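To start, the structure under review is shown below, and the notes come after it.
Sequence positions, counted from 1, serve as the residue numbers for this chain. Note that this is a predicted model, so its numbers are computed, not measured.
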Amino acid sequence: MPIVGTSPDECHFNLLQRLSISRVQPKGIDFFGLSHPTIHYLIQSSPNAKKCANYVFTKFEMGKISNEETGEKSSETNDFKLNHKAFLKHIQLIEASNTAKTSK
């Protein structure tokens with residue numbers, strides 16, 4: 001089922017609601033990977049990027065290394081409610097558990 005919203009935060013909020021998760025502040029930009037410097041670069045490199053009226057352009061500093069590249073983990077990295085990659089792993093674990101239960 002598609003999740004639709006007017007912003008990444010609204011989509012993240014709708015996903016959390018469907019999962020009956022409360023007391024989590026939606027962080028759609030982070031959850032969907034839109035805050036990653038590579039994504040910023042790709043958006044800004046697109047031919048018509050300047051036509052996006054509400055997009056805030058980012059200045060890049062060469063040589064800066066992100067936490068993801070150094071292997072450092074923030075507390076949110078493994079939280080399936082706040083991180084898309086962790087969410088996909090969580091779903092895989094649930095599906096594997098359900099498969100194991102039905103095959104017994």
Side-chain angles (χ1 to χ4, degrees):
M1 290 177 25
I3 295 175
V4 179
T6 59
S7 71
D9 283 345
E10 185 178 345
C11 291
H12 189 210
F13 178 78
N14 292 339
L15 173 65
L16 294 170
Q17 273 193 318
R18 285 190 191 174
L19 298 172
S20 300
I21 297 171
S22 59
R23 297 187 211 139
V24 174
Q25 182 68 32
K27 295 183 180 183
I29 290 174
D30 294 330
F31 183 83
F32 295 111
L34 300 173
S35 61
H36 194 280
T38 302
I39 302 304
H40 282 241
Y41 176 77
L42 292 171
I43 291 170
Q44 291 175 194
S45 298
S46 298
N48 294 313
K50 292 186 176 167
K51 292 182 181 179
C52 298
N54 295 325
Y55 182 75
V56 178
F57 282 79
T58 304
K59 288 187 178 186
F60 294 97
E61 293 182 35
M62 298 308 282
K64 288 252 180 174
I65 300 173
S66 69
N67 285 352
E68 191 172 295
E69 293 167 332
T70 62
E72 294 177 31
K73 303 241 182 218
S74 73
S75 61
E76 295 178 356
T77 301
N78 295 320
D79 188 344
F80 76 92
K81 299 177 292 291
L82 300 173
N83 181 285
H84 185 259
K85 191 181 272 188
F87 176 75
L88 294 176
K89 285 182 183 179
H90 180 74
I91 296 298
Q92 287 177 336
L93 289 172
I94 290 172
E95 289 174 350
S97 174
N98 290 340
T99 302
K101 287 177 185 176
T102 57
S103 65
K104 287 185 177 181

(request) Please tell me if the side chains of Phe80 and Ile94 come closer than 4.5 Å, counting only heavy atoms from C-beta onward. (result) no
(request) Hey, could you give me the NZ/CG distance between Lys27 and Leu34, rounded to the nearest 0.5 Å? (result) 15.0 Å
(request) Can you measure from NE2 (His90) to CG (Asn83) and round to the nearest 0.5 angstrom? (result) 13.0 Å
(message) Test of understanding: clusters of I, L, V, M, F, W, Y form through side-chain heavy atoms closer than 4.5 Å, transitively. Do Leu93 and Leu19 belong to the same one?
(response) no
(message) Between Ile29 and Leu16, is there shared hydrophobic-cluster membership here, with clusters defined by ILVMFWY side-chain heavy atoms closer than 4.5 Å?
(response) yes
(request) Not counting sequence neighbours, list each pair that qualifies as a side chain to side chain donor-acceptor pair (under 3.5 Å) and has a residue in residues 13-25. (result) none
(message) Check whether His84 reaches the backbone of Gly33 with its side chain - one donor and one acceptor, N or O, closer than 3.5 Å.
(response) no
(request) Identify, with sequence neighbours excluded, every residue that meets side-chain hydrogen bond (donor to acceptor under 3.5 Å, both in side chains) alongside Ser7. (result) none
(message) Looking at Lys51, is its backbone amide N or carbonyl O close enough to the side chain of Asn48 to form a donor-acceptor pair, meaning the two atoms are under 3.5 Å apart?
(response) no
(message) Measuring only between side-chain heavy atoms, which start at C-beta, is Phe31 closer than 4.5 Å to Pro8?
(response) no
(request) Measure across His12 and Lys81 and return the closest heavy-atom pair with its distance rounded to 0.1 Å. (result) NE2-O, 2.7 Å
(request) Please tell me if the side chains of Leu82 and Phe87 come closer than 4.5 Å, counting only heavy atoms from C-beta onward. (result) no
(request) Nearest 0.5 Å please: distance from the CG atom of Leu42 over to the NE2 atom of His36. (result) 10.0 Å
(request) State, with a plain yes or no, whether a side-chain heavy atom of Tyr55 is found less than 4.5 Å away from one of Gln44. (result) yes
(request) Supply the atom-to-atom distance Cys11 SG to Ile3 CD1, rounded to the nearest 0.5 angstrom. (result) 7.0 Å
